[in-house]
Amino acid sequence: MGSRRHKNKQSAPPSLDEFQAKQERKAKRVEERTKRTRPEPTDKSSSKKAKTTDEKHHKHKHDKHTGEDGEHKHGKHTHEHSSKKHKKHHKNEGEEDHEFPADLPEVDLEELSKAKKSLFDDEEEADVDEDLQDEFDMEQEYENDEDDDVQVKSMFSDDEEFGEDELEDLNAANMESLSKKLDEEEAEEAEEAEQELLEANQIQPRADVLPSKEEEEMMGDGPQDLTSVRTRIIEIVKVLEDFKTLGAEGRSRTEYVDRLLKDICEYFGYTPFLAEKLFNLFSPSEALEFFEANEIARPITIRTNTLKTRRRDLAQSLVNRGVNLQPIGNWTKVGLQIFDSQVPIGATPEYLAGQYILQAASSFLPVIALDPHENERILDMAAAPGGKTTYISAMMKNTGCVFANDANKNRTKSLIANIHRLGCTNTIVCNYDAREFPKVIGGFDRILLDAPCSGTGVIGKDQSVKVSRTEKDFIQIPHLQKQLLLSAIDSVDCNSKHGGVIVYSTCSVAVEEDEAVVDYALRKRPNVKLVETGLAIGKEGFTSFRGKTFHPSVKLTRRYYPHTYNVDGFFVAKFQKIGPSPHDDNQASAKEKEALAREEAMEEGIIHEDFANFDNEEDEKYISKSKKNSLLKKGINPKSSTPSKK
Ligand SMILES: C[S@@+](CC[C@H](N)C(=O)[O-])C[C@H]1O[C@@H](n2cnc3c(N)ncnc32)[C@H](O)[C@@H]1O
């Protein structure tokens with residue numbers, strides 16, 4: 001999808017640890033720069049001077065952006081353009097630091113993953129887990145001249161119990177070339193930082209970055225020059241970060257925000273609705289980092305299946321096949337990040353033997369929070385295609401029982417396939433609308449609800465989210481999520497010896513699907529409380545958001561963003577059931593629950609009469625297609641309605 005995925009040799013993306021260390025170093029530099037270069041409130045003469053220097057800077061940027069042939073790249077599809085832009089002006093890492101005024105937010109996430117060549121050709125991709133296959137089209141230039149065996153031994157200790165320092169050492173020892181590369185990058189960065197400081201001392205920000213009325217009118221006529229759009233985005237962000245000092249006289253903050261949102265839509269390809277929704281989650285500069293991070297797929301990661309092998313042994317086998325890898329970070333003992341591979345990662349003998357699963361790093365998090373124990377009875381309410389189910393099963397060492405449920409029968413096929421391949425023998429697959437629980441069965445020790453969601457956390461892997469999500473989705477999806485979460489709570493045994501735990505997760509960053517759902521459950525079920533997730537990484541959940549206040553304990557939930565942890569956007573909440581409730585015996589069916597929830601939501605004004613009304617005409621198309629298919633399957637010719645001859 002998009003030119004980001006074009007094959008393009010680039011250097012290796014950093015691991016989470018390297019990424020975070022780098023982010024910290026940069027944050028420090030920015031802080032120092034801000035201290036040194038914060039401009040005095042602009043008087044007329046200074047703003048004029050600022051304009052002149054900034055124009056110079058613009059020219060510098062312009063020249064770079066136009067590329068060697070000096071041509072602008074015009075066009076409608078912004079994603080493609082942004083990708084082109086990435087390739088053009090990032091010949092080496094950190095180059096963009098010179099591109100923007102020095103005290104701008106540092107948007108350098110592309111240096112993380114860079115554009116990569118597919119590890120899989122199209123056919124091979126078909127074999128990869130259904131919901132993960134998009135992720136694995138990368139290539140990194142990563143040299144390893146060390147002996148493979150030595151390298152793996154140095155990476156993995158016998159018992160895999162890494163201390164923080166040890167892991168750092170191990171990572172450093174991983175590949176000599178990587179550390180050499182990082183040293184070089186660091187030196188380069190230091191040089192850039194110097195350069196930035198020099199520039200920061202020369203370049204004063206320009207206050208009047210908004211287009212005039214005439215310019216606005218002209219802009220409406222056709223596609224814009226994306227280089228200028230990008231420049232303006234950065235300048236507006238800069239103004240918004242220090243509006244008092246940098247806002248032009250007579251211009252309101254709203255005018256800047258409105259223009260910025262339009263530019264974000266133009267440049268990154270979001271609908272205005274979604275751009276605003278996502279923008280509101282962050283400060284302007286962080287929002288820009290988030291949008292930038294969504295232009296890049298996250299690194300390829302795999303999870304060792306400890307039912308079949310140890311991470312060290314798996315790593316050794318893969319290295320022997322020409323795979324460059326290293327541990328993901330010190331928060332997981334089973335994850336490996338793949339930098340480069342001479343073989344398709346989704347079709348190695350180790351893969352086929354079930355020694356690992358291709359799984360996004362963020363997907364490990366809810367299972368770690370769930371903390372399954374041996375011999376427990378656990379329900380994975382929305383399980384397909386089974387990345388988390390199989391992890392739960394492995395953590396339980398194939399003891400106890402995991403109920404892997406999914407409402408979509410078709411998706412249970414990939415769930416079953418993964419369960420078989422990974423050798424999970426303690427698992428039962430079922431196909432219910434999860435709102436049927438606990439009517440189907442209750443009294444679980446732990447429940448994972450990895451809820452269906454809008455996918456705003458995984459835009460890097462599914463760019464269609466940028467344009468497909470509407471306001472209605474952020475009403476309908478939470479409506480279902482709330483019912484599912486109440487069913488999960490009602491299906492857990494509060495007297496479970498070690499458990500009584502419910503973990504709720506989504507791959508969405510929208511507050512409506514995350515904190516608001518959790519807060520709703522806390523209000524409806526006073527017999528649960530939020531507890532620490534036990535996760536080593538993650539940002540606190542919001543306790544208030546745009547006028548809405550949530551229970552203070554909601555800050556125990558954890559948020560993940562692509563720009564902060566280089567993982568998919570994700571949300572994790574962990575509940576402890578502290579007492580029984582009448583709901584535990586809830587024998588209501590999914591339909592009855594839906595009717596009740598609908599009534600309640602209508603009373604509260606959340607939904608209206610037209611909520612989830614189906615378009616009969618459109619439905620008709622699908623119904624008749626499905627009837628035809630069913631007749632064909634039975635050997636009946638749908639046209640003649642008579643059995644066809646075999
Ligand atoms: C985010 S995916 C789950 C991913 C899975 N946990 C994994 O790690 O591989 C959400 C799943 O919820 C399922 N789903 C949607 N509505 C459901 C419902 N009412 N009851 C149960 N499952 C549902 C979808 O079919 C989809 O497979």
Side-chain angles (χ1 to χ4, degrees), residues 128-135 301-303 305 335 357-370 372 378-395 402-419 421-422 424 427 429-441 446-458 461-462 465 473 476-488 490-491 502-510 513-514 517 567-572 588-594 597 612:
V128 178
D129 296 23
E130 199 182 308
D131 69 341
L132 293 166
Q133 58 188 15
D134 270 1
E135 274 195 56
T301 48
I302 61 175
R303 177 176 58 76
N305 178 19
I357 183 165
L358 290 150
Q359 191 168 17
S362 55
S363 283
F364 299 11
L365 298 164
V367 182
I368 297 172
L370 187 70
I378 296 185
L379 171 63
D380 187 354
M381 273 192 144
K388 298 179 189 76
T389 303
T390 50
Y391 191 13
I392 294 170
S393 171
M395 280 175 117
V402 187
F403 287 74
N405 176 71
D406 202 280
N408 185 329
K409 197 168 186 180
N410 216 23
R411 281 173 67 92
T412 57
K413 288 179 198 157
S414 54
L415 172 61
I416 293 167
N418 276 322
I419 287 170
R421 187 173 61 81
L422 273 72
C424 305
T427 309
V429 173
C430 40
N431 172 221
Y432 291 102
D433 181 327
R435 292 170 293 182
E436 296 286 349
F437 291 89
K439 189 179 172 192
V440 177
I441 183 170
R446 289 166 210 266
I447 293 184
L448 173 63
L449 171 56
D450 185 38
C453 70
S454 67
T456 56
V458 287
K461 143 165 102 181
D462 180 6
V465 172
D473 290 322
Q476 285 180 344
I477 297 171
H479 179 75
L480 172 64
Q481 290 164 336
K482 287 172 185 171
Q483 293 170 64
L484 289 169
L485 183 52
L486 293 190
S487 291
D490 297 343
S491 308
I502 302 105
V503 167
Y504 173 76
S505 61
T506 70
C507 57
S508 171
V509 293
E513 300 176 73
D514 297 338
V517 173
V567 296
D568 289 330
F570 218 80
F571 176 82
V572 179
S589 68
K591 268 192 184 151
E592 286 162 341
K593 281 180 189 167
E594 165 60 22

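Whatever order the structure lists ligands and atoms in, that order sets their numbers, starting from 1. All heavy atoms count here, side chains included; hydrogens, waters and symmetry mates do not.
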Q.
Show the nearest heavy-atom pair for residues A407 and N431, with the distance to one decimal.
A. O-ND2, 3.1 Å
Q | Polar side chain donor-acceptor pair, T390 to R303, under 3.5 angstrom | A | yes
Q. Which is closest to atom 8 (O) of ligand 1 in terms of heavy atoms, K388, M381, E594, Q359?
A. K388
Q: Please work out which of P452, A384, G387 has its closest non-hydrogen atom nearest to atom 5 (C) of ligand 1.
A: A384
Q. Does the side chain of S589 come under 3.5 Å of the side chain of K439 through a donor N or O and an acceptor N or O?
A. no
**Q.** Part of A383 with heavy atoms under 4.0 Å of ligand 1, whether side chain, backbone, both or neither
**A.** backbone
Q: Please identify each residue that fulfils side-chain hydrogen bond (donor to acceptor under 3.5 Å, both in side chains) with S454, with sequence neighbours left out.
A: S508, E513
Q.
Under a 4.0 angstrom heavy-atom cut-off, which atoms of ligand 1 come close to N408?
A. 25 (O)
Q. Mind checking whether P385 has an N or O less than 3.5 Å away from an N or O of ligand 1?
A. yes
Q | Pick from S414, C507, A451, A404: the one approaching atom 1 (C) of ligand 1 most closely through a non-hydrogen atom | A | A451
Q. Taking only heavy atoms of Y432, which atoms of ligand 1 are found under 4.0 Å from at least one of them?
A. 20 (N), 21 (C)
(Q) Does any N or O of ligand 1 fall below 3.5 Å from an N or O anywhere on D406, backbone included? (A) yes
Q. Taking only heavy atoms of R411, which atoms of ligand 1 are found under 4.0 Å from at least one of them?
A. 25 (O), 26 (C), 27 (O)
Q.
Please enumerate all residues that pass side-chain contact (heavy atoms from CB on, under 4.5 Å) together with I368, with sequence neighbours excluded.
A. W331, F364, Y391, L535
Q.
Would you say D514 and T506 are linked by a side-chain donor-acceptor pair, where the criterion is simply a distance under 3.5 Å?
A. yes
Q) With a 4.0 Å cut-off, would you call D380 and K388 a salt bridge? A) no
Q) Who's closest to atom 20 (N) of ligand 1 heavy-atom-wise, of C430, A434, G386? A) A434
(Q) I want to confirm something. Looking only at heavy atoms, which of I477, L449, D450, D433 is nearest to atom 19 (N) of ligand 1? (A) D433
Q. Is the closest side-chain donor-acceptor distance between D450 and S505 under 3.5 Å?
A. yes
Q.
Any nitrogen or oxygen of A382, side chain or backbone, less than 3.5 Å from one on ligand 1?
A. yes
